[in-house]
Trainee: 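Let me give you the structure first, and then I'll get to my questions.
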Protein chains: 2
Amino acid sequence: MSKTKQSPVERRLARLTDAVREAGIKLTHQRIEIFRELAGTEEHPDAETLFEAVRKRMPTVSLDTVYRTLSTLQELGLVKTIGQQGGGTRFDANIEPHHHYVCVSCGMIRDFESKELNSLRLPGTVRQLGTILDANVEVRGLCAKCQGRKKASTRPKSKSS
Amino acid sequence: MSKTKQSPVERRLARLTDAVREAGIKLTHQRIEIFRELAGTEEHPDAETLFEAVRKRMPTVSLDTVYRTLSTLQELGLVKTIGQQGGGTRFDANIEPHHHYVCVSCGMIRDFESKELNSLRLPGTVRQLGTILDANVEVRGLCAKCQGRKKASTRPKSKSS
DNA sequence: ATCTAGTTGCAAACACTTCTTAGTTAGGAA
DNA sequence: TTCCTAACTAAGAAGTGTTTGCAACTAGAT
């Protein structure tokens, strides 16, 4: 229910307020500050970096809370992680250009080829960031096997409890 | 060991032999077996999985050798990792569809937008793997800042003493 | 067969993340 | 405002995934 024009950060903070209320959890200073910090940067920080930044304004905040809050924000769908989480680094002996399909449920990764995707037209803004070595596409979805499993377990779609 | 036609695995193993020789390092059983295992699977295993697999044939191999070998193979350019390695999980408060530019040197990540890339045409083979939730492009390169740094440090050694 | 630098196996260290316990603070409903 | 309790801090410990130090070993050259 935003009424006036807000900065991107304020808009995101408003979304936090809504989401927290809807989830029936508390809107604590820690949650606000941690999210504000993340929403206000383009640097995709890790937990430690975020902790140090928030600490400047809230000297008593603990690293543990940063981790817990990020986890909560993820459940609320307000925050995403970059790259895969959980499990270790995965290796690939295929050094030809190719793309990946990743199952969001079981983590399965499969290669696929596409000449078209090998030569994507990238927007000019990218070139301003630096040189381009390669570009690959990561498709995420639910693999055939996991679709079967989901169906079998007859689990109605529910939000995280 | 005398076969006329080579399987893809054998072809890759031949590349290993060459690369190892060229780099002036030793072609140990461990390196052969670890690489053979990785080159022979499409599953993009992690170090632990690879370790367990190699162990069946080489019961004395150790997990740290797997790690060290994978690192060596990476330096030789025979193996790649999927996703970012090193550092912790990185977070993103931008939940709109977007793409990433990643600097291979400093790890900097920047978002970029592209309507065109938001609606990529994916090959039909992908659909056979499972449902498609989203697809995003990851561009890797050397960011402007690191280009400057590289230039400065790669400068032909002028007489400085 | 001998030599030796590069490699390995083992254990221990390390980095990141999560969890435990216990005592305190503070959000927000009544 | 009062009260209930979720959420917090603190300090520690544990769980993963990865790296390192060191003595023993071995690939490959002589």
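Note that the structure is predicted; figures quoted are calculated from it, not measured. In what follows, every chain begins at residue 1, and chains take the letters A, B, ... in the order their sequences are listed.
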Trainee: Look at the side-chain N and O atoms of Tyr67(B) and state whether any lies under 4.0 Å from the OP1 or OP2 oxygen of dT19(D).
Mentor: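 No, outside the criterion.
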
Trainee: Consider only side-chain N and O atoms of Asp111(B) and His100(B), and report whether a donor and an acceptor are under 3.5 Å apart.
Mentor: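 A pair is found: one side chain offers a donor N or O, the other an acceptor, under 3.5 Å apart.
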
Trainee: Between Thr89(B) and Arg31(B), which is nearer to the 5' end of DNA chain C once each is assigned its nearest nucleotide?
Mentor: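 The 5'-side residue here is Arg31(B).
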
Trainee: Under a 3.5 Å cutoff, is there a donor and acceptor pairing between the side chains of His98(A) and Asp92(A)?
Mentor: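 A pair is found: one side chain offers a donor N or O, the other an acceptor, under 3.5 Å apart.
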
Trainee: Any donor-acceptor pair under 3.5 Å linking the side-chain atoms of Ser62(B) with those of Asp64(B)?
Mentor: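 There is such a pair between these side chains.
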
Trainee: What pairs with Gln74(B) under side chain to side chain donor-acceptor pair (under 3.5 Å), at least two apart in sequence or on another chain?
Mentor: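 Gln74(B): side chain to side chain donor-acceptor pair (under 3.5 Å) contacts with Gln85(B).
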
Trainee: Checking Glu113(B) now: which residues fulfil side chain to side chain donor-acceptor pair (under 3.5 Å) with it, not counting sequence neighbours?
Mentor: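 In terms of side chain to side chain donor-acceptor pair (under 3.5 Å), with neighbours along the sequence ignored, Glu113(B) is linked to no residue.
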
Trainee: Calculate the interatomic distance between Arg55(A) atom CZ and dA10(D) atom P; express it in whole Å.
Mentor: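 Computing the Arg55(A):CZ to dA10(D):P distance gives 9 Å.
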
Trainee: With heavy atoms under 4.0 Å as the rule, sort Arg68(B) into base, sugar-phosphate or nothing.
Mentor: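 Base contact.
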
Trainee: Near DNA chain D, under 4.0 Å by heavy atom, which residues of residues 58-65 of chain A?
Mentor: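 When residues 58-65 of chain A is checked for heavy atoms under 4.0 Å from DNA chain D, the hits, listed by number, are Thr60(A), Val61(A), Ser62(A), Thr65(A).
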
Trainee: Does any donor atom in the side chain of His44(B) or Asn94(A) lie under 3.5 Å from an acceptor atom in the other side chain?
Mentor: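 Distance-only check fails for His44(B) and Asn94(A).
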
Trainee: Please report, rounded to the nearest Å, how far the C1' atom of dA29(C) is from the CZ atom of Arg21(A).
Mentor: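 The distance from CZ of Arg21(A) to C1' of dA29(C) comes to 13 Å, rounded to the nearest Å.
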
Trainee: Do Lys26(A) and dA26(C) share a donor-acceptor pair, side chain to base, under 3.5 Å?
Mentor: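 No.
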
Trainee: Taking any heavy-atom pair under 4.0 Å as a contact, classify Gln30(B): base, sugar-phosphate, or nothing.
Mentor: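 If one applies the 4.0 Å heavy-atom cut-off, Gln30(B) turns out to touch the sugar-phosphate alone, with no base involved.
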
